[in-house]
There are 2 protein chains.
Amino acid sequence: MVTIADVAQRAGVSVATVSRTLHGSAKVDPRTRARVLAAADELSYVASPTAMSLASGRTHVIAVVAPMMSRWFFASIVTAIEQNLRETGYHVMLFSLEAGPGAPGRFRPEFFAKRVDGILWLNVAVTPAEEALLAKLDLPMVCVGTQIGDSPTVLIDDHRAARTAVTHLLSLGHREIAYVGTPVGSIAHMTTPAARVAAFRETLVHAGVPVREGWVLAADWTADGAMEAVEPLLRSDRRPTAVLAASDEMAIGVLGAAARTGLRVPEDLSVMGIDDHSFAGALGLSTVHQDVPAQGRAAAQLLLAAVRNRDTRTPATRIELATHLIPRQTTAPPQAAG
Amino acid sequence: MVTIADVAQRAGVSVATVSRTLHGSAKVDPRTRARVLAAADELSYVASPTAMSLASGRTHVIAVVAPMMSRWFFASIVTAIEQNLRETGYHVMLFSLEAGPGAPGRFRPEFFAKRVDGILWLNVAVTPAEEALLAKLDLPMVCVGTQIGDSPTVLIDDHRAARTAVTHLLSLGHREIAYVGTPVGSIAHMTTPAARVAAFRETLVHAGVPVREGWVLAADWTADGAMEAVEPLLRSDRRPTAVLAASDEMAIGVLGAAARTGLRVPEDLSVMGIDDHSFAGALGLSTVHQDVPAQGRAAAQLLLAAVRNRDTRTPATRIELATHLIPRQTTAPPQAAG
DNA sequence: CTGAAAGCGCTTACAG
DNA sequence: CTGAAAGCGCTTACAG
């Protein structure tokens with residue numbers, strides 16, 4: 001392996017000078033610099049990241065923590081974050097908290113200690129005890145979706161997004177509206193599911209439409225889960241004229257349930273989602289758009305700023321991105337006979 | 001920060017002994033061990049990964065390289081890999097090659113040099129020049145989908161998977177079958193797209209069914225891309241009775257094209273995919289199943305074995321996982337009037 | 001602008 | 001079973 005000493009020897013300078021011309025901010029004589037660069041190039045020198053980290057105290061790696069990787073939101077945002085970080089010379093260490101056989105399903109502070117320069121939390125809810133442990137780490141952190149402590153946060157207004165969706169259905173004339181996506185299980189602590197269902201209830205009440213409790217359904221936020229949750233309702237005597245799913249992935253499940261029960265969409269049933277999943281266009285799904293890559297970029301920039309300033313306690317920042325309605329083909333006025 | 005010296009002092013032993021009881025394989029007196037463990041625990045000691053790496057030459061991090069993160073296959077397999085690796089004490093450094101504004105769209109050997117213990121390649125095609133650079137890295141590598149050099153590979157038989165799909169359509173009586181998913185652009189070098197379209201052609205020819213070149217369509221392997229590619233064909237006078245999409249994501253686009261052109265599925269058009277995407281069940285999509293998490297686990301295990309043996313040149317291994325037909329509701333015999 | 005030297009926090013033969 | 005010491009490959013004040 002070629003080390004900094006090899007380069008120094010070839011260039012006829014000290015290792016300190018090599019280090020300075022390659023990474024340091026200090027002044028180096030242009031002719032010296034040229035010799036060093038040439039030597040490094042000839043030897044195909046690549047500095048050892050591990051040695052640089054130990055000596056400098058900075059790893060140039062960022063931890064990205066998500067509750068799972070296999071859902072559209074997370075896959076999309078991780079892509080954007082990775083691109084953004086790589087452009088600035090940082091690497092992404094991925095922590096997917098999905099519980100598996102033997103996998104913890106939770107993070108441990110040792111994952112991060114002395115290993116990363118900062119942490120990006122993607123919609124992960126943290127207990128007070130965990131929060132205390134994280135504080136000891138003394139690392140810059142930025143959150144997306146769910147806030148942790150007083151860390152900067154990037155998010156959309158989930159309450160408003162859900163209200164936009166409900167309002168769309170109301171304005172089409174629907175009064176018999178069901179909802180699927182009440183938080184359960186592993187997502188019970190996340191703020192997005194709670195905010196969206198709260199907005200559903202409030203918006204209906206505000207419009208003078210009573211909320212039928214039997215029509216507010218829990219699901220695990222997968223297509224299959226939503227399909228199972230909704231199908232019985234669609235088969236019952238008294239069924240809704242519209243279903244709002246808390247996510248597009250669940251809306252796809254509702255579409256499946258409609259197909260299984262022989263209901264035409266939107267003639268017999270309007271179906272609406274939230275998110276604007278990449279399949280929403282092809283499926284003609286009416287939804288509320290959120291810009292996920294933009295959230296990833298914003299979060300990456302915020303964290304980078306904190307890392308570079310070596311600020312552990314960055315001033316509280318909150319970046320809220322806009323959402324907007326995208327009506328497509330799965331929503332329509334309820335049939336007169338409905 | 002608490003270091004190994006702090007633990008040594010508190011336990012009344014040398015740092016060497018602390019190192020040995022915490023990580024080493026050498027024998028340590030049980031009573032000494034207990035004192036060290038207690039001291040480490042009391043101080044909440046976490047060894048510096050960076051110092052361990054520099055001293056030992058092993059980083060315990062694995063590079064996972066994928067052409068993108070935002071597609072179902074990659075998101076699913078990365079989840080499985082991450083779980084598997086974390087269980088064994090390894091970390092995942094993610095390299096998503098998706099080109100962005102400023103992002104290279106390609107990997108560079110410096111990404112990996114002295115930074116990771118091994119590389120997992122997920123369906124990324126590598127040029128001979130790149131392959132030569134990688135060889136110099138002298139790192140254990142394992143591939144999924146597309147082979148690189150003589151590295152061990154985990155894959156499905158894409159040719160067989162596509163043949164299974166075509167055979168299903170033929171057995172239903174279809175003879176007018178279109179195909180979408182000829183490789184273009186960034187996926188032009190990947191073996192999966194090439195293998196699947198080749199199998200489509202060969203299976204038809206073998207069955208005595210002529211291949212209409214105008215019905216073999218290129219697309220970028222997204223739902224929207226496939227929808228755009230297929231819609232004109234569905235609007236033409238002479239249209240197929242069935243469309244095979246090279247992936248379920250594209251099949252969803254075909255479903256969208258059918259909806260836009262007013263064709264009923266499967267009455268007017270059979271639609272078939274390959275992969276068994278997590279939405280396939282809800283959408284009733286007929287497809288050919290592949291077990292993606294199993295591929296991830298197999299690849300992780302293969303790489304781990306190579307890393308632990310410090311084998312750079314592991315004996316060529318090829319693990320081929322089975323696929324099987326899952327007929328659902330989007331395929332049916334062609335209508336008599338078709 | 002440049003070099004000598006200490007130091008980052010571990011691991012690992014080498015002795016004992 | 002345990003300790004002293006060298007070494008991993010850099011960075012960074014400190015002098016000059």
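Hydrogens, waters and symmetry mates are skipped; everything else that's a heavy atom, side chains included, is used. The sequence lines fix the lettering, A, B, ..., with proteins before strands; numbering per chain opens at 1. These numbers were taken from a predicted model, which means no experiment stands behind them.
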query = For B/Leu54 and A/Val18, take the nucleotide of DNA chain D holding the closest heavy atom to each; which residue's nucleotide lies nearer the 5' end?
reply =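 Looking at DNA chain D, the more 5' nearest nucleotide goes with B/Leu54.
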message = By nearest heavy atom, map B/Pro30 and A/Thr50 onto DNA chain D; which one lands nearer the 5' end?
response = B/Pro30
In terms of side-chain heavy atoms of [X], which of [options] is nearest?
X	options	answer
B/Ser14	D/dT11, D/dC8, D/dG3	D/dG3
B/Val28	D/dT2, D/dT11, C/dC8	D/dT2
B/Lys114	D/dG9, D/dC10, C/dG9	D/dC10
A/Ala51	D/dG9, D/dG3, D/dC8	D/dG9
A/Thr17	C/dT2, D/dC10, C/dG9	C/dT2

Whole-Å gap separating [atom2] ([N]) and [atom1] ([X]):
X	N	atom1	atom2	result
A/Leu22	C/dT2	CG	C1'	16 Å
A/His23	D/dC10	NE2	P	8 Å
A/Asp6	D/dC10	CG	C1'	13 Å
B/Met52	C/dT12	CE	P	9 Å
A/Met1	D/dG7	CE	P	15 Å
A/Gln9	D/dG9	CD	C1'	15 Å
B/Arg115	D/dC10	CZ	C1'	14 Å
A/Ile4	D/dC8	CD1	C1'	14 Å

ask   = Which range-with-range stems can be found for DNA chain C when each stem has 3 or more Watson-Crick or G-U pairs in a row and both distances sit under 3.5 Å?
value = C:1-3 with D:14-16, C:5-12 with D:5-12, C:14-16 with D:1-3
What is the minimum heavy-atom distance between [X] and [Y], and which atoms define it?
X	Y	value
A/Val15	A/Ala5	CG1-CA, 3.8 Å
A/Lys114	A/Thr59	O-CG2, 4.1 Å
B/Ile148	B/Cys143	N-SG, 3.5 Å
B/Ile156	B/Glu320	C-CG, 4.2 Å

Is the backbone N or O of [Y] less than 3.5 Å from a side-chain atom of [X], with the two atoms forming a donor-acceptor pair by type?
X	Y	value
A/Arg58	A/Val307	yes
A/Glu82	B/Ser96	yes
A/Gln301	A/Ala298	no

Might you list the N or O atoms of the protein lying below 3.5 Å from N or O atoms in nucleotides 13-16 of chain D, with each pair's distance?
from: D/dA13; atom 1: N6; to: A/Arg20; atom 2: NH2; distance (Å): 3.2

task = Answer with base, sugar-phosphate or nothing: what part of the nucleic acid does A/Thr32 contact at a heavy-atom distance below 4.0 Å?
result = sugar-phosphate
Lys NZ or Arg CZ of B/Arg10 over B/Tyr45 ring: under 6.0 Å, within 45° =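 No - B/Arg10 does not lie over the ring of B/Tyr45 by the 6.0 Å and 45° rule.
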ask   = CG of A/Leu120 to CZ of A/Phe95: how many Å apart, nearest 0.5 Å?
value =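 One gets 12.0 Å once the value is rounded to the nearest 0.5 Å.
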query = Are B/Thr191 and B/Thr146 close enough that a side-chain donor and a side-chain acceptor fall under 3.5 Å?
reply =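 Yes - a donor-acceptor pair under 3.5 Å links their side chains.
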task = Using the C1' atom as the reference point in each nucleotide, state the distance between D/dT12 and D/dG16 in Å, no decimals.
result =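 Taking atom C1' in both D/dT12 and D/dG16, they lie 16 Å apart.
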